Asks: 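Below you'll find the structure I mean.
Lettering follows sequence order; numbering is per chain, from 1. The model shown is predicted, which means the values in this text are computed figures rather than measured ones.
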Amino acid sequence: MVRRFVEERCQGRTISRLKVIDEGILDGIGKEALVRSVQGRRIVAVKRHGKQLFLELSDGVLTVHLGMTGDLLMLNRKERTPSHVRVLIILEDGTRLAYDDPRKFGAIGIASSANEFVTERRLGPDALQISSKEFVERAHSSRRAIKSVLLDQHVLAGVGNLYADEALYQAKVHPLTPANELSNPILKKIWARTRQVLRISINVSTDFSKLPGGFLLRSRVAGGPCPLGHGRLQAIKVGGRTTIFCPNCQRII
DNA sequence: TTTCATGTTCAGCA
DNA sequence: GTGCTGAACATGAA
């Protein structure tokens with residue numbers, strides 16, 4: 001939804017200026033070099049691969065990752081900039097695309113192309129692009145917990161912690177199950193649920209209260225009720241990440 | 001005051 | 001090579 005938002009508001013427009021307010025979020029490029037790389041360029045297209053956003057310019061690509069708390073906002077020329085804006089992209093008419101990120105876990109940089117960036121970072125196929133066949137192959141070759149596999153951006157790109165929990169809840173698979181012990185039909189189900197969860201979340205702009213009933217994301221709280229009414233949710237750590245699941249719906253290993 | 005958190009990367013170890 | 005853990009990053013919220 002961020003991609004769509006930026007596409008609607010910025011595609012086809014020209015960047016007249018770029019202002020770096022906090023250099024901490026620049027990734028592998030200095031302030032001056034970044035400014036030189038974007039100023040006067042037109043935003044030709046807005047693309048996404050996993051969690052990575054690409055603003056394709058008339059020459060080169062601006063790469064944007066929102067980290068955990070990042071956001072992109074449009075501000076008109078008079079609005080004052082919110083307190084955690086790190087970079088401002090000023091368009092020719094004075095409106096501004098603001099990169100806002102309190103925790104500064106995100107990153108902005110430059111690449112020669114989106115493909116080059118994906119290859120260099122060794123990102124896996126996008127979670128919404130990968131075929132069920134390739135997903136099954138990739139997942140099946142790992143002995144790690146299925147949740148860790150879903151979260152591994154080198155296996156497939158785009159699944160975050162919350163979405164991995166949701167997909168496994170929907171597929172009724174315990175998050176600690178070793179991926180290679182899952183049958184092909186179950187892996188296909190996980191693949192299908194994962195894309196469904198991502199699609200629906202994009203459609204409701206990650207406003208989880210708008211999700212249909214039976215979604216874990218609506219009330220993902222340890223000790224809270226299972227959305228399908230099958231007991232209480234439990235919290236564990238998988239690969240260092242908080243994992244919430246229903247021990248009744250998602251059978252143990 | 002303390003703990004935890006939607007992400008990524010790296011060091012250290014089995 | 002595989003895979004796990006913990007730490008680091010910086011800040012707000014509970």
Side-chain angles (χ1 to χ4, degrees), chain A residues 1-3 5 20-29 48-53 63-73 81-87 99-109 111 117-124 126-127 137-169 175-182 194 197-202 204-211 215-224 233-245 253:
Chain A
M1 30 79 218
V2 174
R3 190 201 69 78
F5 171 79
V20 176
I21 295 161
D22 189 323
E23 294 188 54
I25 53 100
L26 299 190
D27 185 17
I29 189 165
R48 181 191 66 76
H49 184 99
K51 304 173 185 175
Q52 190 69 44
L53 191 70
T63 66
V64 180
H65 195 296
L66 299 177
M68 271 168 74
T69 54
D71 198 9
L72 288 168
L73 320 161
T81 62
S83 49
H84 302 299
V85 169
R86 312 300 180 187
V87 170
Y99 177 84
D100 183 276
D101 186 9
R103 276 176 78 177
K104 297 200 263 186
F105 279 9
I108 290 187
F117 184 93
V118 168
T119 307
E120 193 181 283
R121 302 289 170 110
R122 300 202 192 100
L123 295 177
D126 182 85
E137 277 167 13
R138 284 176 166 253
H140 210 80
S141 66
S142 173
R143 294 186 296 260
R144 298 154 73 196
I146 181 62
K147 167 145 180 192
S148 298
V149 173
L150 286 179
L151 281 182
D152 188 338
Q153 304 298 303
H154 304 293
V155 175
L156 78 166
V159 181
N161 196 33
L162 304 179
Y163 305 100
D165 279 1
E166 181 70 61
L168 292 175
Y169 175 73
L176 285 175
T177 316
N180 63 334
E181 288 178 16
L182 291 164
T194 300
V197 165
L198 292 176
R199 282 242 177 73
I200 295 179
S201 298
I202 290 170
V204 300
S205 304
T206 68
D207 178 351
F208 299 144
S209 66
K210 289 183 188 159
L211 290 171
F215 266 69
L216 182 67
L217 285 171
R218 287 170 43 138
S219 54
R220 184 180 169 277
V221 183
L233 300 174
Q234 191 183 332
I236 56 174
K237 290 274 180 192
V238 179
R241 310 300 302 282
T242 296
T243 298
I244 293 193
F245 72 109
I253 311 186

Asks: Do the side chains of A:D126 and A:R3 get close enough for a salt bridge, i.e. N-O under 4.0 angstrom?
Replies: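 Salt bridge absent between A:D126 and A:R3.
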Asks: Take atom P in C:dT5 and the same atom in B:dA5, then report the distance between them in whole Å.
Replies: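 Going atom to atom, P in each nucleotide, I get 15 Å.
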Asks: Can you tell me if A:T243 and A:K237 form a side-chain donor-acceptor pair at under 3.5 Å?
Replies: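 No.
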Asks: Please figure out whether A:R121 or A:K237 has its closest DNA chain B nucleotide nearer the 5' end.
Replies: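 Counting from the 5' end, the first nearest nucleotide belongs to A:K237.
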Asks: Could you work out which one of C:dG12, C:dA10, B:dT6 sits closest to the side chain of A:P102?
Replies: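 Of all the options, the side chain of A:P102 is nearest to C:dG12.
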Asks: Which base, if any, makes a Watson-Crick or G-U wobble pair with C:dA13, both distances under 3.5 Å?
Replies: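 WC or wobble partner is B:dT3.
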Asks: Using a 4.0 Å heavy-atom cut-off across all strands, classify A:T242 as base, sugar-phosphate, or nothing.
Replies: sugar-phosphate
Asks: Separation of A:H65 atom NE2 from B:dT9 atom P, in whole Å?
Replies: 8 Å
Asks: On the nucleotide B:dT6, are OP1 or OP2 found under 4.0 Å from the side-chain N or O atoms that A:R220 carries?
Replies: yes
Asks: Can you identify which nucleotide, out of B:dT9, B:dT6, C:dC9, has its nearest atom closest to the A:F105 side chain?
Replies: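 Minimum distance to the A:F105 side chain belongs to C:dC9.
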Asks: Using the P atom on both, measure B:dT8 against C:dG1 and round to a whole Å.
Replies: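 These two P atoms come out 23 Å apart once rounded.
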Asks: The side chain of A:H84 is closest to which nucleotide in this list: C:dG3, C:dG12, B:dT8?
Replies: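 Closest nucleotide to the A:H84 side chain: C:dG12.
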Asks: Quick check: do A:L72 and A:L53 have side-chain heavy atoms less than 4.5 Å from each other?
Replies: yes
Asks: Taking C:dC4 as the reference, what is the distance to B:dT6 when you measure between their C1' atoms (whole Å, please)?
Replies: 22 Å
Asks: For the side chain of A:K104, counting heavy atoms from C-beta on, which of B:dG7, C:dC4, C:dA10 is nearest?
Replies: C:dA10
Asks: Side chain of A:R241 only, heavy atoms from C-beta on: which candidate in B:dT6, C:dT2, B:dT9 is closest?
Replies: B:dT6
Asks: Distance-only, no hydrogens or angles: does the A:E166 side chain make a donor-acceptor pair with backbone N or O of A:L216 under 3.5 Å?
Replies: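 At least one qualifying donor-acceptor pair exists.
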Asks: Output the single nucleotide from B:dT9, B:dT8, B:dT6 whose closest atom is nearest the side chain of A:K51.
Replies: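 From the listed options, B:dT8 comes nearest.
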Asks: Checking the side chain of A:E181 only, and the main-chain atoms of A:H140 only, is there a donor and an acceptor separated by less than 3.5 Å?
Replies: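 Here the side-chain-to-backbone pair does not exist.
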Asks: Which is true for A:R103 with a 4.0 Å heavy-atom rule: it touches a base, it touches only sugar-phosphate, or it touches nothing?
Replies: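 Counting heavy atoms under 4.0 Å across all strands, the contact made by A:R103 includes a base.
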Asks: Find the distance A:I146:CD1 to C:dC4:C1' and express it as a whole number of Å.
Replies: 17 Å
Asks: For A:D152 and B:dG7, what is the distance between atoms CG and P respectively, to the nearest whole Å?
Replies: 13 Å
